[in-house]
Amino acid sequence: MPQKIGVVTGGGDCPGLNAVIRAIAKSASRRGWEVVGALGGYEGLLPPEKLRPLDYDCVGGLLARGGTILGTANRGKFSAKVGHGDSRRLPVELLEETKQAMKRLGLSALISIGGDGSLSIAQQMHEHGIPIIGVPKTIDNDLDGTFMTFGFDSAVSCATDAIDRLHTTAESHNRVMVLEVMGRYAGWIALYAGVAGGADVILIPEIPFSYESVCAKIREREESGRRFSIVVVAEGARQTGGDFVASDTQSGRGEARLGGIGAVVTAELEKQTGKEARCCVLGHLQRGGPPTTFDRALCSIFGAEAVELVAAGDFGKMVAYQGSRVVGIPIIEAVGKLKTVNPAGSLARTARALGICLGD
Ligand code: F6P
């Protein structure tokens, strides 16, 4: 049966959002469905509606384009994040208003592309009887139930490239170069990029660090003639017994904005080792630009699969990448808790086996 469906992108932007929008629009159009995108997140659905038609032809050229043509929001009426994995309940009136807005617009289903915040809203909408499907987006890779979120590979690729570049300058100056990467309370970006880039030290939130351990690694390298070191620090890394370093508590959003640990670590390493050290904060470069080949493929699969789930009426599900296949899992399974790095898991063990110091 022909349908009219809505697409929403919420939370921080991320490479691959447009590729998912494109895949949804193409596969839905081929079924004869109409697709509209809500501009600026869920609020675009409410009066005065801000919508954009997404037909087969208008999504050409989107596969490799960064950002989102729909715009996005991580604050406002539909903000659900209150910090460290927690989310708030939306007022039932707002859920009802959304349901009525969808009725008015003739939307038979919604596809929400987002991270834990947007998807926890999607779960609440599902519980309120709104037909909704989720697509897992975040460079942090911290959503449960899916081995990988889209955008993560692109962020890791950007961070690995940065490590490669820092290597040559670190070596030329015999310096310690500290790279601060994103990831919030999960160390996935730091750990994957650190291993892929051949870092000497990787500090992640899941493994509290001591300067003693990090300095010992730098001295060990010095004694063996390698007079430079590369330290990758996740923005959520913290010293044993210490707290997260936040640049702002973002009162409007209710969630701390992490950042600044790179500079703290750099100053301390310089003091304790006597070596010259510099800090590079990669920041939003990890979120911008075109998605990698892998992300383009994953986004295409996710988008097409989300449309399949709508066609099957299998609502309340999120598409999930589980190694050899992409399946629909209940959204609630993905948003209940953050997926963090297992300190005893295979990638952490690989890092240790290669002589990388994890700070403990
Ligand atoms: O969740 C994605 C992310 O990029 C985090 O890694 C980072 O902590 C946060 O968003 C930054 O958010 P903003 O763009 O609002 O500063």
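Read the numbers this way: they start at 1 and go in the same order the structure lists the ligands and their atoms.
Across the listed options Met182, Arg184, Arg287, Lys137, Arg287 owns the non-hydrogen atom lying nearest to atom 10 (O) of ligand 1.
Counting Ile, Leu, Val, Met, Phe, Trp and Tyr side chains that sit under 4.5 Å apart, directly or through other members, Leu203 shares a hydrophobic cluster with Val176, Val178, Val201, Phe209, Tyr211, Val214, Ile218, Val231, Val233, Val245, Ile261, Val264, Val265, Leu269.
Annotation: Arg221, atom CZ; neighbour count of heavy atoms from other residues, nucleotides and ligands within 6.0 Å is above 12.
Nearest heavy atoms, Ala19 versus Cys299: CB-CB, 3.6 Å.
Within the listing of ligand 1, atoms 4 (O) sit less than 4.0 angstrom from a heavy atom of Ile139. For ligand 1, the atoms lying closer than 4.0 Å to a non-hydrogen atom of Glu235 are 5 (C), 6 (O), 7 (C), 8 (O). For ligand 1, the atoms sitting less than 4.0 Å from at least one non-hydrogen atom of His284 are 13 (P), 14 (O), 16 (O), numbered in the order shown with element in parentheses.
For Tyr321 and Phe302, the distance between ring centers is not under 6.0 angstrom.
Sorted by first and then second residue, the salt bridge (Lys or Arg N to Asp or Glu O under 4.0 Å) pairs involving residues 38-62 (not counting sequence neighbours) are Glu49-Arg104.
For ligand 1, the polar-atom distance check against Gly183 finds a nitrogen or oxygen pair separated by under 3.5 Å.
Assignment of Asp140 to the shell around ligand 1 is supported, since a heavy atom sits closer than 4.0 Å.
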